[in-house]
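Worksheet for the structure shown next.
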2 protein chains.
Amino acid sequence: MPKATVERLPLYLQCLQAMGDSETTVSSDVLANIAGVNSANVRKDLSYLGSHGVRGVGYDRLELCVQLRRALGLTDKWPVVIIGVGNLGSALANYQGFDPSGFNVIGLYDADPSKIGDPVDGHRIKSMEELELDIKEHDVQMAILTTPAGAAQEVADMLVGAGILSILNFAPALLKLPDTVKCRQVDLATELQILSYYQATRTA
Amino acid sequence: MPKATVERLPLYLQCLQAMGDSETTVSSDVLANIAGVNSANVRKDLSYLGSHGVRGVGYDRLELCVQLRRALGLTDKWPVVIIGVGNLGSALANYQGFDPSGFNVIGLYDADPSKIGDPVDGHRIKSMEELELDIKEHDVQMAILTTPAGAAQEVADMLVGAGILSILNFAPALLKLPDTVKCRQVDLATELQILSYYQATRTA
DNA sequence: GTGCGCTTGTGAAACGAATCACGATGCCCA
DNA sequence: TGGGCATCGTGATTCGTTTCACAAGCGCAC
Ligand SMILES: NC(=O)c1ccc[n+]([C@@H]2O[C@H](COP(=O)([O-])OP(=O)(O)OC[C@H]3O[C@@H](n4cnc5c(N)ncnc54)[C@H](O)[C@@H]3O)[C@@H](O)[C@H]2O)c1
Ligand SMILES: NC(=O)c1ccc[n+]([C@@H]2O[C@H](COP(=O)([O-])OP(=O)(O)OC[C@H]3O[C@@H](n4cnc5c(N)ncnc54)[C@H](O)[C@@H]3O)[C@@H](O)[C@H]2O)c1
């Protein structure tokens, strides 16, 4: 499946979930308008799911949700760990959107001894030693990294060693990882700077 | 300048800043390796800056930083506002990475009357009425949106009315905006779901 | 100075993705 | 039962981006 398609599937899922239960069926045209893409693009994307739209009618909304979830590997909840429980890490820990999206935060970890044991959203912050054990015990494959940039590589190496295969990295640091490990970077500064470019060229 | 290039410029800037002051010059090859892209791609990107690499030597690191900053419109600090000071909004407010990246948080705003006046990182949370005034007074063009998804559209409309032209939206909601307004979406669930796809197809 | 090695800048080619355009097909209603 | 309408699925096309490949240029060493 093309990379570009994969990156749109969550968008479609979000759109379908956001529209009321009133609609039992959606056309590619309607979905395209909501999602802000071209309708032929939607149809081509959905065709990769081996989906079964009905000509003249559209797609069955609920069935499509199921297919999207299956394609995205969201049939079971993925256990995830959060490393670095500072400002951002605690915000994520408190976030209520994980479960409905298909994820389950099983633990929060920090290197700062003074934080260990502190309660955050029903969890207690654990040590980095426990992290390694928990990953192996629960067969965790996904990690969210919210340590300072300086510690990110070191922590990432440890995560990879422990068996993590997917990392969502919020630290503004480029991780060197084996290519068996998939990483996505979320960078606030980058996003703002891109906006800044368009803002600046607009007035120029 | 191609969209794809614009989205890489902040990356180059980050790489150049991260490498020590020891290197006075960088070749496209070195930068490409650090940034994880093809070196021809780097050269083509930088050529849009009207840049002046020196054949046989490379690019002057500091000069290149200056050029990147200028291209991105980062010569002055942009004033930005944060709307919705909950878990995520407060984390962002406490973030120390804005200033070095070229941005200046001038105010935090929330609709919840019980929060107004609360101190967060040297600011006091202000009301939505003040938001509109502040935007006009300080000629603010960029806003960070961290309200619940349900309130996002309504708040966005208000921001647009007040003169905001760029929105960084953390709420999992697709905003309908006039095409004079640029928006970038940061969606945690989407990112995790993309990782989930690759995780799932790996084992399948 | 002359030559050699390194690195840029860029046309050309390859690739991937978005869009177009339309035949095929199922549904609904007369 | 058949005709019209809406919509899908998809080949063909266009577009944007990445990569290749190499001539041109600069600096340094001798
Ligand atoms: N706060 C934000 O809004 C924001 C926004 C964008 C990016 N970021 C990035 O996210 C990361 C976290 O930001 P923050 O504001 O939460 O910082 P923070 O300093 O509040 O939190 C970092 C946490 O990581 C822990 N830590 C440090 N070294 C560690 C290690 N080796 N192993 C495990 N834990 C370790 C610290 O004890 C601390 O609790 C930073 O890289 C920052 O640049 C933050
Ligand atoms: N917390 C996270 O880690 C996280 C991660 C990803 C996405 N998000 C998204 O970011 C947004 C904020 O998340 P959060 O966890 O901080 O939520 P939160 O409930 O803690 O904070 C939301 C804040 O917005 C304020 N608010 C509500 N309606 C408003 C309005 N009309 N105008 C102005 N302010 C208003 C609330 O008073 C509250 O302070 C949500 O959309 C959430 O889905 C959060």
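Residue numbering restarts at 1 for every chain, and letters A, B, ... go by the order of the sequence lines.
- The pair Glu130(A)-Arg124(A) does not meet the salt-bridge criterion, since no charged nitrogen lies less than 4.0 angstrom from a carboxylate oxygen.
- At whole-Å resolution of the value, CE in Met1(B) and P in dT18(D) are 14 Å apart.
- The distance between atom CG of Asp45(B) and atom P of dT19(D), rounded to the nearest whole Å, is 11 Å.
- Shown here for Val120(A) and Ala93(A), the closest heavy-atom pair between the two residues is CG1-CB, 3.7 Å.
- Among the atoms of the strands shown, only primed sugar atoms or phosphate atoms (P, OP1, OP2) are found under 4.0 Å from some heavy atom of Lys3(B).
- Salt bridge Lys176(B)/Asp157(B): absent, no basic N to carboxylate O contact under 4.0 Å.
- The minimum heavy-atom distance between Leu159(A) and Ala143(A), with the atom names listed, is CD1-CB, 3.9 Å.
- Here Asn38(B) does not reach the OP1 or OP2 of dT18(D): none of its side-chain N or O atoms lies under 4.0 Å away.
- In this structure, Asp112(A) CG and Met128(A) CE are separated by 11.5 Å, a value rounded to the nearest 0.5 Å.
- Summarising the geometry, atom CG belonging to Leu62(B) is positioned 8.0 Å from atom OG1 belonging to Thr24(B); distances are rounded to the nearest 0.5 Å.
- In this structure, OH on Tyr197(A) lies 8.0 Å from CG on Leu9(B), to the nearest 0.5 angstrom.
- Here CE of Met142(A) is found 12.5 Å from OH of Tyr198(B). Values are rounded to the nearest 0.5 Å.
- The distance from atom CG of Asp76(A) to atom OG of Ser196(B), rounded to the nearest 0.5 Å, is 10.0 Å.
- The base of dT17(D) lies outside donor-acceptor range of the side chain of Lys44(B), with no N or O pair under 3.5 Å.
- An angle of 10°, rounded to 10°, separates the two end axes of the helix from dG1(C)-dC30(D) to dA30(C)-dT1(D), each defined over five pairs.
- Along DNA chain C, the stretch of nucleotides lying under 4.0 Å from any heavy atom of chain A spans, 5' to 3', dA17(C) to dC27(C).
- Leu168(B) CG to Cys183(B) SG: the interatomic distance, rounded to the nearest 0.5 Å, is 7.5 Å.
- For Lys3(B), the NZ atom sits in a loose shell: 12 or fewer heavy atoms of surrounding residues, nucleotides or ligands are nearer than 6.0 Å.
- In this structure, Ala40(A) reaches the bases: a heavy-atom distance under 4.0 Å links it to at least one base atom across the strands shown.
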Distances under 3.5 Å between nitrogen or oxygen atoms of protein and nucleotides 6-8 of chain D:
unit_1	atom_1	unit_2	atom_2	d
dT7(D)	O4'	Gly56(A)	N	3.1
dT7(D)	O2	Gly56(A)	N	3.4
dC8(D)	OP1	Ser28(A)	N	2.7
dC8(D)	OP2	Ser28(A)	OG	2.5
dC8(D)	O2	Arg55(A)	NH1	3.2

